[in-house]
Amino acid sequence: MRAAGTFTVTAFVPTELVPEPAVTTGTPVGVATIEKTFEGEVTGRSSTLFTAAYDQASGTGTYVAMESFEGALNGRAGTFNFAHSATTSGSDRTAEFFVVVPTSGTGELSGITGAGGLAIDEDGTHRIWFDYDLG
């Protein structure tokens, strides 16, 4: 099955957490928490732990995120976790990874498995989709 929707970042909060022991690299590593709201066939909200090595000046970097989702896919309500990462050189997304965490589903989303993706339109609209099965 496929569920697609759009999302809005409602909070992006950098944390004081830093890698220990400290290793100085050409691109600093940061950690933040993110909250999102979703609309469409994907409705609900998520809480995200977000880690990135990102150079603000060039717009180049890589992120890794673990999200906890609460809401519905195609009207089936529950919760689950999903992980995703990607690399950018400022205007693209490469080396993308997106997976639903096995055994993380609850409610009507119990047994969910699958993958998906994220995209950002030219107008800034953030899109998400899940290609999933319910076990």
Side-chain angles (χ1 to χ4, degrees):
M1 293 178 275
R2 176 172 272 216
T6 59
F7 67 90
T8 303
V9 173
T10 55
F12 183 96
V13 181
T15 71
E16 298 297 319
L17 183 64
V18 294
E20 211 36 69
V23 175
T24 302
T25 63
T27 305
V29 173
V31 178
T33 60
I34 300 175
E35 294 176 26
K36 297 177 185 174
T37 57
F38 299 84
E39 297 179 347
E41 296 168 339
V42 179
T43 59
R45 66 185 185 95
S46 73
S47 179
T48 308
L49 294 175
F50 181 85
T51 303
Y54 187 74
D55 177 44
Q56 293 282 348
S58 67
T60 302
T62 298
Y63 80 89
V64 177
M66 177 63 70
E67 293 200 39
S68 297
F69 174 82
E70 177 180 53
L73 301 182
N74 293 317
R76 292 179 181 257
T79 65
F80 62 91
N81 297 315
F82 63 100
H84 53 98
S85 64
T87 296
T88 183
S89 62
S91 61
D92 61 350
R93 285 176 61 89
T94 60
E96 294 181 75
F97 173 81
F98 192 112
V99 66
V100 173
V101 177
T103 73
S104 67
T106 69
E108 294 176 309
L109 298 174
S110 182
I112 190 170
T113 59
L118 299 167
I120 302 171
D121 294 349
E122 297 247 344
D123 68 0
T125 301
H126 287 65
R127 300 193 178 280
I128 190 166
W129 62 92
F130 292 93
D131 293 316
Y132 67 98
D133 290 310
L134 295 171

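This one's a predicted model, so the numbers in the text were calculated from it and none came from an experiment. The first residue in the sequence is number 1, and the count goes up from there.
A pairwise comparison of heavy atoms in P14 and A32 identifies CA-CB, 3.8 Å as the closest pair. Nearest heavy atom pair, residue T48 against residue A65, reads CG2-CB, 3.8 Å. Residues L73 and A3 share a closest heavy-atom pair of CB-CB, 4.1 Å. The two residues S110 and L134 have their closest heavy-atom pair at O-CD2, 4.2 Å. Nearest heavy atoms, G75 versus A72: C-CB, 4.0 Å.
Heavy atoms of other residues, nucleotides or ligands lying less than 6.0 angstrom from CZ of R45 number 12 at most. No more than 12 heavy atoms of other residues, nucleotides or ligands sit less than 6.0 Å from atom CD of E39.
Between the side chain of E108 and the backbone N or O of A77, at least one donor-acceptor pair lies under 3.5 Å. When atom types are taken as modelled, the side chain of D133 and the backbone of G114 share no donor-acceptor pair closer than 3.5 angstrom. Side-chain atoms of E41 never come within 3.5 Å of backbone atoms of N74 as a donor-acceptor pair (strictly under, hydrogens ignored). D121 contributes no side-chain N or O that, together with a main-chain N or O of D123, makes up a donor-acceptor pair within less than 3.5 Å.
Taking CG of D55 as the reference point, atom OG1 of T27 lies at 5.5 Å (rounded to 0.5 Å). In this structure, CZ on F38 lies 11.5 Å from CD on E70, to the nearest 0.5 angstrom. A distance of 10.5 Å separates CZ in R93 from OG1 in T62, rounded to the nearest 0.5 Å.
The distance between the ring centers of F80 and Y132 does not fall below 6.0 angstrom. Residues Y54 and Y63 place their aromatic rings such that the two centres sit no closer than 6.0 Å.
Transitive grouping of hydrophobic side chains (ILVMFWY, heavy atoms separated by less than 4.5 Å) keeps V101 and L49 in distinct clusters. Note on V9: it clusters hydrophobically with F50, by side-chain heavy-atom contacts below 4.5 Å among ILVMFWY residues. In the hydrophobic clustering of ILVMFWY residues, with side-chain heavy atoms under 4.5 Å counting as a link, F69 and F97 come out apart. Follow the hydrophobic side-chain contacts under 4.5 Å out from V100 and you reach M1 in the same cluster. Residues I34 and M66 do not share a hydrophobic cluster, defined by chaining ILVMFWY side chains whose heavy atoms lie under 4.5 Å apart.
Contact of the I128 side chain with the F98 side chain is registered, since non-hydrogen atoms from C-beta on lie closer than 4.5 Å.
In this structure, a donor-acceptor pair under 3.5 Å is absent between the side chains of D92 and T94.
For the pairing with H126, the side-chain contact (heavy atoms from CB on, under 4.5 Å) check across L118, I120, T6 returns one residue only, I120. None of L109, I112, V42 except one satisfies the side-chain contact (heavy atoms from CB on, under 4.5 Å) rule with F130; the exception is V42.
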